[in-house]
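In what follows, a single structure is set out as structure tokens and then discussed.
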Amino acid sequence: MFFKKYGDMVVSVFFMALSAIMMVMAKMLPKSKVMEIGPDFMPMVIGVVTFVLAAILLFLNVKNFKMHEAELAGAVAEECDYKRVLGSFILVLVYVFMLKPVGFIIMTLVYLFLQMLVLSPDDARGKKQMIQLAVIDVIFTLVVFFLFRYGFKIVLPAGIFTINL
């Protein structure tokens, strides 16, 4: 019941602390001698955005705490879907360890499709939904690949296939 009542506050404080640590560690990265934007740019942006969003979440929860306290008094805790959580955790581990040997494009295509499948509701796994998931998967993977390759000039792991796009 504690997490049901204070969960958003705990999560927001956790992410504020995590993003603050991330910003401090990003400043420790060496400066780039080639470009104005160094390796600290993206971690700093992600840290700032995460900190601001977590602060907004905390502010809104503290502001509306009394209003929601009455709602939560009679609430019943929902069952956690441990199979989906464990499946997501395993998929992330496999993705991280297989990214370099297999390559970004192939691993991201496989990972994203399986992750969306794990997180999608059981009744939304028809042929039409599978096609939608596959289209989203391919578009997202290619956009990220070309953004990093040509926008940021960062080469992602090629793995077993060397692709010169």
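Quick caveat: nothing in here was measured; it's all calculated off a predicted structure. Just so it is clear, the values below take in all heavy atoms, side chains as well, and ignore hydrogens, waters and symmetry mates.
The two residues Arg84 and Leu119 make their nearest non-hydrogen contact at NH1-C, 3.9 Å. In terms of heavy-atom proximity, Asn61 sits nearest to Met9 at O-CE, 3.7 Å. Closest approach of Met107 and Val94 over heavy atoms only: CE-O, 4.1 Å. Shortest non-hydrogen contact noted between Gly47 and Ser19 is O-CB, 3.3 Å. The minimum heavy-atom distance linking Leu133 with Met116 is given by the pair O-CE, 3.3 Å.
Side-chain heavy atoms closer than 4.5 Å link hydrophobic residues (I, L, V, M, F, W, Y) into clusters, and following such links, even through other members, never connects Leu29 to Phe51. Under a hydrophobic-cluster definition in which Ile, Leu, Val, Met, Phe, Trp and Tyr are linked whenever side-chain heavy atoms come within less than 4.5 Å, directly or via other members, Phe145 and Phe148 are assigned to the same cluster. Grouping the Ile, Leu, Val, Met, Phe, Trp and Tyr side chains by contacts below 4.5 angstrom, directly or via other members, places Phe97 apart from Val110. Residues Leu109 and Val102 share a hydrophobic cluster, clusters being chains of Ile/Leu/Val/Met/Phe/Trp/Tyr side chains in contact below 4.5 Å. Under the 4.5 Å side-chain heavy-atom criterion for ILVMFWY residues, a single connected hydrophobic cluster contains both Val13 and Val48.
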Decide yes or no on side-chain contact (heavy atoms from CB on, under 4.5 Å) for Thr50 and Met22, but give the supporting numbers first. CA-CA 10 Å; Thr50 305; Met22 185 176 182; 5.8 Å; no
Tyr111 vs Val92, test: side-chain contact (heavy atoms from CB on, under 4.5 Å). Steps then yes/no. CA-CA 8 Å; Tyr111 166 74; Val92 168; 3.5 Å; yes
Pair Ile136-Phe113, side-chain contact (heavy atoms from CB on, under 4.5 Å): steps then yes or no: CA-CA 9 Å; Ile136 291 169; Phe113 185 77; over 6 Å; no
I would like to know whether Leu53 and Phe15 meet side-chain contact (heavy atoms from CB on, under 4.5 Å); could you show each step before the answer? CA-CA 9 Å; Leu53 291 175; Phe15 275 103; over 6 Å; no
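Although no hydrogens or angles enter the test, the distance criterion places no donor-acceptor pair under 3.5 Å between the side chain of Thr108 and the main chain of Ile105.
Remark: Leu86 CG to Ile90 CD1 distance equals 4.0 Å, nearest 0.5 Å. In this structure, OG on Ser88 lies 11.0 Å from CG on Leu93, to the nearest 0.5 angstrom.
Partner of Thr141 under the side chain to side chain contact (heavy atoms under 4.5 Å, CB included) criterion, chosen from Asp137, Val143, Val144: Asp137.
When side chains are defined from C-beta on, Lys83 does not count as touching Val118, because their heavy atoms never get closer than 4.5 Å.
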